[in-house]
Engineer: 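Handing you this structure, nothing more for now.
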Amino acid sequence: MSAAGGNAVPLTPQFLFEALQAASSHSQELVKHASAQLKDWETRPGYWSLLQDAFLDRSLPVELRWLAIITLKQGVDKYWRKTANNAISKDEKAYLRSRLLSSSIDEPHHQLALQNAVIVAKVARLEYPFDWPKVFTELTSIIRDASQFASDIGDDEAATLRLKRSLSMMLHVVKELATGRLVRTKANLQSVTPEVFKALGGVYVRHVEVWHAILDQQPAPTKLVDSMTVSLLTLKVLRRLIVAGYEFPNRVAEVRELWSILSGQVWAIFEAEKQIPSSEEAVSTLLKKHVINIGKLFLEVGSSHAAAFALLPDTLQLLGKYWEVVVDHGNSLMQQTSQQVNGESNGRSEAEKKAEEERTKFRSRVALQGMLLFRNCLRTIFNPVATFKYRHKAEKDETKEATTIFKSQLFTPETVTHCMEVLVTKYFVLRPSDLAEWEEDPEGWSEQWENAVESWEFLIRPCAEKLFMDLVLNFTDTLGEPLMRVFSSVSSDEKSDVLIKDAIYTAVGLSAPVLYTDLDFDQFLHNTLVKEIQIQQPGYNILRRRIAILIGQWVSVKISPDSRPTVYQITQHLLNREDPLNDLVVRLSAARNLKRSVDEWEFRVETFLPYVDNLFTKLMSLIDEVEQTEVRMGLLDVIGVIVERLEHRIAPYAESIITILPPLWEQTGDEHLFKQAILTILTKLVSAMKDKSLQYHHMVIPLIRFSVEPGSGMQVYLLEDALDLWEAAIRATPAPAPQGLLDLVPYLLPCVEFGTLTLRKVLDIIESYVILAPREMIEVHRAGMFDAFASLQGTLKPEASGIVTNIVEIVIRAAEALGGEQALSVVGNELIRSGFLPTLLDGIEKSHEAHQTTGPNKRYASLDAIVMTDYFSVLSRMVLASTAMFVENVRACAERKGRTVDSDMEWILEEWFRHFGNIAHPKERKLSGIALTKLLETNQRWVLERLQDLMTVWTDVITELQENEGAE
């Protein structure tokens, strides 16, 4: 199999078979060599055709055929486009295309056929309609013939298989084109949609009739499952055609007809599924998939074609039926809760319980779809999708009519109130299953519920909360009074059921932005919540968790400054581990919502300080208690926010925070997210404590070194956070710089190479080092620093380039102050050796040359005007520091090119005077003016000849200074 003596292995069917066989073996060595050989063949003509041959050869083992089709799929991705390197030739592509449809039309292995269908879709997206114009026509013809044959013959397995495979290919082709964003791709799909839709609509209706007629037969015949599979595949294609294939589906008669059929059919199938015995799992699963896919059609039309959804037949009745499912499912959940609380099992077997559990999940999905449909309708009214696309009058009228229908006929005051009541009383109530998970895994449960709001499209509880908020925000006048009435009745009744009270408090928390004018939360806090968190009865841990969340939701809306101490005292009480009702979930909720109390506009440090010590002690204890990384990170974030808000007042508590961080760092191992959280809190701590943070350098410096060290393995994850900490540490350090901080410089300069994401931060840190420890940076690190700067020249945006030149200016000024001419000479030599100064002068020279051109041959300077200003600022600093050093440096650069200093100074000064008018900042204009004047000390011809230009500069600068003084 391997090539001997470096000779390439010839591409033949036999050698390809051996390579595929080796690539599917269990030997890693064989797999490695075979993979390399297959990759080597990728650019050989005929390779992809041979792979397709291998896939088509059903005498080969399935593993080899699988490997062949997977490799072919990857090749289509990589080499099919005409612009790809080593693209597949036009003739070979035509040969491959000619066999794509036939290669899996009767393929018995589902997974192999599926991979071929994916290839068909990818090729169709690239080739239709120009190079493969008949793909839809051919697929439609195969589907029509196979469907007719299967219906006429009855149990013809071959015809049924052909129908499934052709529908699978059609599904993937339509799916691929439907995901296209280009106008051309959408237009291609829309051009064939009417023909395909008509053919598939008939197939769907015919096969639903077939399986519906034999649905009651026990046991389920093979024909039943086959027909249901066919109708499901057809439904998936039709769904995508309606959504992506029509611009205005409501205007198409065929779509309206199918919509009417599906609107009634979905509930017939929904009811029929209830009658299927648990032994017929395959039939039950297919029925459920039909209902879910029809629901997906309604949802996608509602979100993509909002007006069409309202105007299609029977939409209001459809929404009414979906809401009935929402209500029935809510009642079912409440009934199950009652049965579980009372210990009723009705003597059901485990199989029956499992089947009922699956049906509950299914009903939950349908109810979720109902809630999502109502959210779509609310969005149509109050948050329509904005578009820059020109809309004709008919389209605008349809949108207006859809809005009117939903406003006047769907969301009536009675319906809105009813919806709110259902959501609060049936979906906001915690279930026994929720409480069981609370007990089994408090950390995981708490974290899951904290982040569940982001999963509202997939989980029914978060979706119910989102729908409730939509209703409350958009129907404030309608729902304000009912909410307050229910809240008042529950809050005043001390004997109310804890779960019901938790649900009502959930609603009050979510509707805080609306109820704040009607509810005196301060009074409620003092008179009710303070009492309730002290009740020592079983189940009141549920209410304690909810009170912590409720305060977090209201604190930024309406809690007076006088009530803040009460809020902190409640949090202290809820974080108390000694209280048996303050279980881990309660304390985690209290900690998270403490962050909301601290991180808001009305926060006053003076009010919070008396409680800091106690709260920190309990938070540290809580961090030690929890085990999951995500939970610990959340608690560290709470501490970080407190540190940030306390600023320098954090000093007395810093030691207790610092103490817990090293053990946490060691415990995390390779969990870089947690290490990032530790670096972040250290950054906040150092920034808040300023120069007092020096006492913690023994811990900060090793963490920075570990995070940026190339061999640590963590650099790619921790670099950005480590640089933030590094910058905070060096800015908080007074001179003289400690040796530990200076020892980090060798790790800093290589970071310049990491690109634009962190470069700005790295340059800022280098600048801080130069200001803090100029002697050490010049004597020890100048070579590496200037090499790094030289490598950046010409690659940076003006802003970053300005930071580099500013650092160079600071170095020049520091060298003058520290060592006079001798130090300046060392810095000048380093600027020349590194290439920084020669590159700077080359940029100025090219700009000068460009300015000498006119007419058709006119060239424009490649150097940005802002960068040019920065370059002249560097030259100005050199002149001000020492004219002799400046002239000597220019001489050295000129002699490198075989020129004299006089000739170079002529074009430097010419360009400098020309650019002076483009220098915008008065400080930089003044700097250049003084430097140009100081050049007169040289008494050289090249500057004396520029006296007229100098006078112009003096006039401009003096006039500007006088104007500024007058303005002041």
Engineer: Take the angle between the ring planes of Phe521 and Phe524 and call it parallel below 30°, perpendicular above 60°, tilted in between.
Structural biologist: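 Perpendicular.
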Engineer: Report the distance from atom CZ of Phe603 to atom CD1 of Ile642, rounding to the nearest 0.5 Å.
Structural biologist: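 It comes to 8.0 Å.
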Engineer: Do Ser560 and Ser563 have side-chain atoms, one donor and one acceptor, less than 3.5 Å apart?
Structural biologist: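 Side-chain D/A pair, Ser560 to Ser563: present.
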Engineer: Any side-chain heavy atom of Leu435 sitting closer than 4.5 Å to one from Ile542?
Structural biologist: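 In contact.
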Engineer: Does CZ in Arg379 sit with more than 12 non-hydrogen atoms of other residues, nucleotides or ligands closer than 6.0 Å?
Structural biologist: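 Yes, the 6.0 Å shell around CZ holds more than 12 heavy atoms from other groups.
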Engineer: Can you tell me how far the CG atom of Leu575 sits from the CG atom of Leu619, to the nearest 0.5 Å?
Structural biologist: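 Reported value, rounded in 0.5 Å steps: 6.0 Å.
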Engineer: Given side chains that start at C-beta, do those of Asn541 and Val585 come closer than 4.5 Å, heavy atoms only?
Structural biologist: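 Contact flag for Asn541/Val585 side chains = no.
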Engineer: Got more than 12 heavy atoms from elsewhere within 6.0 Å of CZ, Phe382?
Structural biologist: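 Atom CZ in Phe382 is packed in, count exceeds 12.
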Engineer: Please check if the side chain of Ser621 supplies one atom and the backbone of Thr617 the other of a donor-acceptor pair under 3.5 Å.
Structural biologist: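 Judged by distance alone, no pair lies under 3.5 Å.
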Engineer: Is Arg545 close to Leu574 at the side-chain level, that is, under 4.5 Å between some pair of heavy atoms?
Structural biologist: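 Result no, sub-4.5 Å side-chain heavy-atom pair not found.
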Engineer: Angle between ring planes, Tyr568 versus Phe608, binned at 30° and 60°: parallel, tilted or perpendicular?
Structural biologist: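 The rings of Tyr568 and Phe608 stand perpendicular, inter-plane angle above 60°.
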Engineer: Decide side chain to side chain contact (heavy atoms under 4.5 Å, CB included) for Trp456 and Arg375; before the verdict, give the C-alpha distance in whole Å, the side-chain angles of both, and the deciding distance to 0.1 Å.
Structural biologist: CA-CA 11 Å; Trp456 59 269; Arg375 289 208 74 204; 3.1 Å; yes
Engineer: Does the side chain of Trp438 pick up a donor-acceptor pair with the side chain of Asp583 at under 3.5 Å?
Structural biologist: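 The answer is yes; a qualifying pair exists.
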Engineer: Can you name the closest pair of heavy atoms from Leu372 and Cys463 and give their distance?
Structural biologist: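 Taking Leu372 first and Cys463 second, the nearest heavy atoms are CD2-SG, 3.7 Å.
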Engineer: Checking the side chain of Asp691 only, and the main-chain atoms of Pro734 only, is there a donor and an acceptor separated by less than 3.5 Å?
Structural biologist: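 Judged by distance alone, no pair lies under 3.5 Å.
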Engineer: Using modelled atom types and a 3.5 Å cut-off, is there a donor and acceptor pairing between side-chain atoms of Gln715 and backbone atoms of Val708?
Structural biologist: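 Present.
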Engineer: Can a donor-acceptor pair be found between the side chains of Gln553 and Asn593 at a distance below 3.5 Å?
Structural biologist: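 Judged by distance alone, the side chains do not pair up.
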Engineer: What pair of heavy atoms forms the shortest contact from Val745 to Trp726, and how long is it?
Structural biologist: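 In this case the closest contact between Val745 and Trp726 is N-CZ2, 4.5 Å.
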Engineer: Do Leu594 and Leu615 have side-chain heavy atoms sitting under 4.5 Å apart?
Structural biologist: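 Leu594 vs Leu615: side chains touch.
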Engineer: So Phe706 and Lys675, do their side chains get closer than 4.5 Å, heavy atoms only?
Structural biologist: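 Yes; the side chains approach each other to less than 4.5 Å.
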Engineer: Regarding Glu465 and Arg461, does a basic nitrogen lie under 4.0 Å from an acidic carboxylate oxygen?
Structural biologist: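 Yes, Glu465 and Arg461 are salt-bridged.
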Engineer: Is Gln676 reaching over with its side chain to a backbone N or O of Tyr717, donor-acceptor style, under 3.5 angstrom?
Structural biologist: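 It does hold such a pair.
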Engineer: Which atoms form the tightest heavy-atom contact between Arg544 and Gln536, and what is the distance?
Structural biologist: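 For Arg544 and Gln536, the tightest heavy-atom pair comes out as NH2-NE2, 3.1 Å.
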Engineer: Yes or no on side-chain hydrogen bond (donor to acceptor under 3.5 Å, both in side chains) for Asn527 and Lys531, after CA distance, side-chain angles and deciding distance?
Structural biologist: CA-CA 7 Å; Asn527 297 343; Lys531 294 178 182 178; over 6 Å; no
Engineer: At what distance, to the nearest 0.5 angstrom, does CE of Met334 lie from OG1 of Thr425?
Structural biologist: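 Between atom CE of Met334 and atom OG1 of Thr425 there are 7.0 Å.
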Engineer: Under the criterion salt bridge (charged side-chain N to carboxylate O under 4.0 Å, His left out), which of Arg564, Lys558, Arg645, Lys595 is the partner of Glu600?
Structural biologist: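 Only match with Glu600 under salt bridge (charged side-chain N to carboxylate O under 4.0 Å, His left out): Arg564.
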Engineer: Do Arg760 and Asp764 pass the salt bridge (charged side-chain N to carboxylate O under 4.0 Å, His left out) test, and can you show the C-alpha distance, the side-chain angles, and the key distance before you say yes or no?
Structural biologist: CA-CA 6 Å; Arg760 173 65 186 269; Asp764 286 341; 3.4 Å; yes
Engineer: Between Leu749 and Ile766, does the side chain to side chain contact (heavy atoms under 4.5 Å, CB included) criterion hold? Intermediate values first, please.
Structural biologist: CA-CA 8 Å; Leu749 297 176; Ile766 293 174; 3.9 Å; yes
Engineer: Run the ring-centre check on Tyr427 versus Phe468 and record whether the distance is less than 6.0 Å.
Structural biologist: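 No; Phe468 has its ring centre 6.0 Å or more from that of Tyr427.
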Engineer: Does the pair Lys466 and Glu457 meet the rule for a salt bridge (charged side-chain N to carboxylate O under 4.0 Å, His left out), with working shown?
Structural biologist: CA-CA 10 Å; Lys466 284 285 189 181; Glu457 291 182 281; over 6 Å; no
Engineer: Could you tell me which non-hydrogen atom of Leu792 sits nearest to which non-hydrogen atom of Leu796, and how far apart they are?
Structural biologist: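 Shortest heavy-atom contact: O-CG, 3.6 Å.
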Engineer: Quick check: do Leu744 and Leu741 have side-chain heavy atoms less than 4.5 Å from each other?
Structural biologist: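 Yes, side chains in contact.
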Engineer: Do Tyr540 and Glu532 have side-chain N/O donor and acceptor atoms under 3.5 Å apart?
Structural biologist: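 No, because no side-chain N or O of Tyr540 sits under 3.5 Å from a partner of the opposite role on Glu532.
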Engineer: What's the spacing between Leu718 CG and His672 NE2 if we round to 0.5 Å?
Structural biologist: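 Between Leu718 CG and His672 NE2, I get 8.0 Å after rounding to 0.5 Å.
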Engineer: Give a yes or no answer on whether the side chain of His573 reaches the backbone of Ile533 with a donor-acceptor pair at less than 3.5 Å.
Structural biologist: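 At least one qualifying donor-acceptor pair exists.
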Engineer: Checking side-chain hydrogen bond (donor to acceptor under 3.5 Å, both in side chains) for the pair Gln739/Asp743: CA distance, chi angles, key distance, verdict?
Structural biologist: CA-CA 6 Å; Gln739 188 58 42; Asp743 291 341; 2.8 Å; yes
Engineer: Any side-chain heavy atom of Trp554 within less than 4.5 Å of one from Asp522?
Structural biologist: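 The answer is no, as the side chains (C-beta and beyond) never meet within the 4.5 Å cut-off.
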Engineer: Dump the intermediate steps for side chain to side chain contact (heavy atoms under 4.5 Å, CB included) on Asp441 and Gln628, then the final yes or no.
Structural biologist: CA-CA 11 Å; Asp441 181 17; Gln628 294 186 13; 3.6 Å; yes
Engineer: Between Ser687 and Lys684 (side chain of the first, backbone of the second, donor and acceptor by atom type, cut-off under 3.5 Å), is there such a pair?
Structural biologist: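 Not a single qualifying donor-acceptor pair exists.
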Engineer: Give a yes or no on whether a salt bridge exists between Arg649 and Glu606, defined as a side-chain N under 4.0 angstrom from a carboxylate O.
Structural biologist: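 Yes.
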Engineer: More than 12 non-hydrogen atoms from neighbouring residues, nucleotides or ligands closer than 6.0 Å to CD on Glu720, yes or no?
Structural biologist: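 Counting neighbours around CD of Glu720, 12 or fewer heavy atoms of other residues, nucleotides or ligands fall under 6.0 Å, so no.
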Engineer: Please report the C-alpha distance between Arg632 and Leu636 in whole Å, then the side-chain angles of each, then the deciding distance to 0.1 Å, and finally whether the side chain to side chain contact (heavy atoms under 4.5 Å, CB included) criterion is met.
Structural biologist: CA-CA 6 Å; Arg632 283 183 164 185; Leu636 279 179; 5.6 Å; no
Engineer: Can you confirm whether Glu799 is buried at CD, in the sense that more than 12 heavy atoms of other residues, nucleotides or ligands lie under 6.0 Å from that atom?
Structural biologist: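 Counting other residues, nucleotides and ligands, CD of Glu799 stays at 12 neighbours or fewer.
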Engineer: Do side-chain atoms of Thr733 reach the backbone of Ala729 as a donor and acceptor pair under 3.5 angstrom?
Structural biologist: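 Yes; at least one donor-acceptor contact below 3.5 Å.
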Engineer: Looking at every non-hydrogen atom in both residues, tell me the closest pair between Phe487 and Ile504 and how far apart they are.
Structural biologist: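 Closest heavy-atom pair between Phe487 and Ile504: CA-CG2, 3.9 Å.
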Engineer: Are the side chains of Leu471 and Leu423 in touch, meaning some heavy atoms are under 4.5 Å apart?
Structural biologist: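 When only atoms from C-beta onward are counted, Leu423 and Leu471 do touch, with a gap below 4.5 Å.
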Engineer: Atom OG1 in Thr476, atom CG in Leu515: separation rounded to 0.5 Å?
Structural biologist: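 One finds 9.0 Å between OG1 of Thr476 and CG of Leu515.
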Engineer: Is it true that a side-chain atom of Lys618 and a backbone atom of Gln572 form a donor plus acceptor pair closer than 3.5 Å?
Structural biologist: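 Looks like yes, one N/O pair under 3.5 Å.
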Engineer: So which heavy atom on Leu588 is nearest to which on Ser446, and how close?
Structural biologist: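 Heavy-atom minimum between the residues: CB-OG, 3.8 Å.
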Engineer: Using 0.5 Å steps for rounding, measure from the CZ atom of Arg596 to the CD1 atom of Ile551.
Structural biologist: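 Answer rounded to 0.5 Å: 11.5 Å.
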Engineer: Closer than 4.0 angstrom, basic N to acidic O: yes or no for Glu709 and Arg705?
Structural biologist: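 No salt bridge links Glu709 with Arg705.
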